[in-house]
Amino acid sequence: TSNVATLNVSIATGASPPLPFAIGVNPLTHRALVAYQSTNQAMVLDVSDTGGVPALSSVQVIGGNSSLYSTGAKPAVAIDPKLNWAVVTPGGSGIIAMVDLGVDASPSGEPNGRAPQIVADLAISTSVQGVGVNPETHQALLTDPTSGRLTTFSLLDNSVTTVALPSSGGIFSEPGFGA
């Protein structure tokens, strides 16, 4: 049998609170980022396993009044495990954000603990939806179904390369296109 941990977290209240839409988990640090739909907030969680019992705890809300993080209706999340960064696409409205998922200070023996924080943003297009990260090269592959382009972004040197995809009649028509 397996143990299941449940944590109810809320970043807003009211008649229409934001809905969690996408999640990425770092298998090395056990940090996760939950991207909320059509808001400027995300939640960083610690999903560590302590002694065979899953521990799930809220670490920090990211975003808020920051102009460096925003999401639309279909955000996506990809994780670079070695950098411990999440790349979050806007999914229809906003900018691409890179979030350092942070590290605990003393429990893991890490002398230099740090809180999660937004470390960079990238304004390629607000319609970027899909994202994937190559953990060996630290390259993010970003897909934009509106423009019909694939874009690579280096998390190491900030270089950007765009590749146009073949289209039919000038319109790229692949629904649900993801990296």
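Computed over heavy atoms, backbone and side chain alike; hydrogens, waters and symmetry mates excluded.
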Inset, instruction - Could you give me the CA-CA distance, side-chain angles and deciding distance for Val128 and Leu122, then say whether side-chain contact (heavy atoms from CB on, under 4.5 Å) is met? - result: CA-CA 11 Å; Val128 170; Leu122 181 62; over 6 Å; no
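At least one side-chain heavy atom of Asp46 sits less than 4.5 Å from a side-chain heavy atom of His30. In this structure the side chain of Val131 never reaches within 4.5 angstrom of the side chain of Val77, judged on heavy atoms. Side-chain contact between Ile96 and Pro90: present, with at least one pair of heavy atoms (C-beta onward) separated by less than 4.5 Å. Met98 has its side chain out of reach of Ile118: every pair of non-hydrogen atoms, C-beta onward, lies at least 4.5 Å apart. Between Thr151 and Asp144 there is no side-chain heavy-atom pair separated by less than 4.5 Å. Asp80 has its side chain out of reach of Val87: every pair of non-hydrogen atoms, C-beta onward, lies at least 4.5 Å apart.
A donor-acceptor pair under 3.5 Å is formed between the side chain of Thr89 and the backbone N or O of Ala76.
The distance from atom CZ of Phe153 to atom CD1 of Ile124, rounded to the nearest 0.5 Å, is 7.5 Å. With rounding to the nearest 0.5 Å, the separation of CG in Leu150 from CG in Leu141 is 5.5 Å. Interatomic distance, Gln139 CD to Leu156 CG, rounded to the nearest 0.5 Å: 7.5 Å. Here Asn84 contributes atom CG and Asn26 contributes atom CG; the two are 5.0 Å apart, rounded to the nearest 0.5 Å. How far NE2 of His138 is from CG of Asp157: 11.5 Å, rounded to the nearest 0.5 Å.
Nearest heavy atoms, Pro116 versus Arg31: CG-NH1, 3.8 Å. Gln37 and Phe21 make their closest contact through NE2-CD1, 3.5 Å (heavy atoms, listed as atom of the first residue, atom of the second, distance). Residue Pro27 comes nearest to Pro81 through the heavy atom pair CD-CB, 4.4 Å, listed as atom of the first residue, atom of the second, then distance.
The hydrophobic cluster containing Ile79 does not contain Leu28, counting ILVMFWY residues as joined when their side-chain heavy atoms lie under 4.5 angstrom apart, directly or transitively.
The side chain to side chain contact (heavy atoms under 4.5 Å, CB included) test with Trp85 singles out one residue from Leu101, Val133, Val119, Leu33, and that residue is Val119.
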